[in-house]
Amino acid sequence: MASGKPIDVTGSWRGRLVDVRGFEGELTLDLRAKAARITGDFRSAVGAQHETIDRQGPVKGTLDGNRLSLEMLAADGVEIAIHGTVFRLRAGGTGLKAVYKVVAAEGFSPLHGGVLVASHGTTPPSQEMGGGGGDEVQMAARPGRKGGRS
Amino acid sequence: MSLDGRWEGKLLDATGPTARLVLDLQQKKGELTGRYAVTFLSEDMTGCGDAVDQVAQEGEVTGTVEGDQVVLVQDLQIGGKPVRVRFECRLAPADPHALRAMAGCFDVEKGGGQLTLEGGGCVLWLYAGEAIPRGKKPQRPEKPSKPSKSEPKPKPGTASRRAR
C-alpha cells in the first residue's frame, strides 16, 4: 500500500530513545528538507529517572528514498549519528525508526548508542472519536515532565 | 561469547506503544532459536487506567548471527493470516548496565494490518545472572519439594484445636 510519493520529513518530530547503557529519553527534531538535504534542530532530555540531561543543537543529514541519516551536534560537543527509516503510519502521519551512535564526545555523555523512534504529523488523540486527553499532541511523544538543566 | 540466555529489554513502536520483551535464546553456531514474550506497558496505553501489565503475545523466533549482526524472525498467525516480524540488530557492550546488548529496528514484513505495531526499535540486554555458559543447558524451574515422610500430615481441623 506504500505510495510512490516521496515522504516529506519537514516538520516537528517527537519521539523516544533507549540506550544500550540503560538510559531512556525523549527527543524532538525540527527538520527542514530541501531535496535530499536535511537541516534543522534537536532537543533531547535523557535520564528522566535521575537528573535529566538536556541537550540541544543543530541537525544535518540526508534523505535517500526512505533512508534517513542525521548528525546531531550538541552544544557540549556530543555528536550523535542517526541512521533510520521513515515510513507512513496507517492512521496518518509518518514514523521514524532508527539506530543512533555517539560518534564523538568532548565531555561526559551517558549515552553510547541505541534505538530511537519518532513520529510526525500524527492525529492528536483529542481529535480522535471518543478520544480523551487534553494537551497530548502525539501518541508517540511525551513532553518533558521535568524541567531539566538547560 | 554465546548468545544463550534470557535477554530482556524494551520495544518502542513509532506509533507510540512501549513493550517489555523477554527472549530466551539458544545459539547453535550461526543459528538462533528461542521463545519470546511481549508485555505492553500500561502507562503507554490509553485503555484501562489501572490495568495490570499482561503478556500480550508469546511465541517462537528463529534467526541468525554473523559477527555482531543478529537477525530474528517471528512468524505467527493472527486471525488465520500470516504475520511476520523481522528484527535486525547489532550486538554491543552494555557495561555497566548489563553484560551485552542487542539493539536494532524491527519491521512488520507481512500481515501488518493484524498487529498494533507498525515498526520501531528494540534494545535487549543479557544480564550477568541470565547468561548461560557455552556447553551448559538452561536450568529448569525447581519443582516444589514434597513433604518429608517423617512428618505426619495434619488432619483437617486438628491444627485449630491444638492452637487453643
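Numbered from 1 within each chain, the chains take letters A, B, ... in sequence-line order. For the numbers below, each heavy atom of this structure counts, side chains included, while hydrogens, waters and symmetry mates do not.
- Neither the backbone nor the side chain of B:C89 comes within less than 4.5 Å of any heavy atom of chain A.
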Kindly determine whether B:C105 and A:T85 satisfy side-chain contact (heavy atoms from CB on, under 4.5 Å), including the steps that lead there.
CA-CA 9 Å; B:C105 295; A:T85 305; over 6 Å; no

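- Contact annotation for B:D95: only backbone heavy atoms (N, CA, C, O) come within less than 4.5 Å of a heavy atom of chain A.
- Screening A:V20, A:D19, A:L17 for a side chain to side chain contact (heavy atoms under 4.5 Å, CB included) involving B:V123 leaves a single residue, A:V20.
- Under the 4.5 Å side-chain heavy-atom criterion for grouping Ile, Leu, Val, Met, Phe, Trp and Tyr, B:F87 is connected to B:V83 within one hydrophobic cluster.
- For B:A101, the part lying under 4.5 angstrom from a heavy atom of chain A is the side chain only.
- In this structure a side-chain-to-backbone donor-acceptor pair under 3.5 Å is present from A:K97 to B:F106.
- In this structure, B:V22 is not a member of the same hydrophobic cluster as B:W125, with clusters built from ILVMFWY side-chain heavy atoms closer than 4.5 Å.
- A donor and an acceptor atom, one from each side chain of B:T15 and A:R90, are nowhere located under 3.5 Å apart.
- Counting heavy atoms of neighbouring residues, nucleotides and ligands inside a 6.0 Å radius, atom CZ of A:R37 does not exceed 12 of them.
- Considering every non-hydrogen atom in both B:A14 and A:A118, the closest pair reads CB-O, 4.0 Å.
- Side-chain atoms of A:R16 come within 3.5 Å of backbone atoms of B:G16 as a donor-acceptor pair (strictly under, hydrogens ignored).
- The minimum heavy-atom distance between A:R88 and B:E118, with the atom names listed, is O-OE1, 4.2 Å.
- Annotation: B:Q57, atom CD; neighbour count of heavy atoms from other residues, nucleotides and ligands within 6.0 Å is above 12.
- Heavy atoms closer than 4.5 Å to chain B are found in the backbone of A:L96, but not in its side chain.
- Within the 4.5 Å cutoff, no side-chain heavy atoms of A:V117 are placed close to those of B:D13.
- At a threshold of 4.5 Å between side-chain heavy atoms, the hydrophobic network of Ile, Leu, Val, Met, Phe, Trp and Tyr places B:M102 and B:V71 in two separate groups.
- Of all heavy-atom pairs between B:A103 and A:G114, the closest is CB-CA, 4.4 Å.
- Note on A:F42 and A:L73: separate hydrophobic clusters, where clusters join Ile, Leu, Val, Met, Phe, Trp and Tyr whose side-chain heavy atoms are under 4.5 Å apart, directly or indirectly.
- B:R90 CZ to A:K101 NZ: the interatomic distance, rounded to the nearest 0.5 Å, is 8.5 Å.
- Residue A:L89 is not grouped with residue B:L12 when hydrophobic side chains (ILVMFWY) are merged at heavy-atom distances under 4.5 angstrom, including chains of intermediate members.
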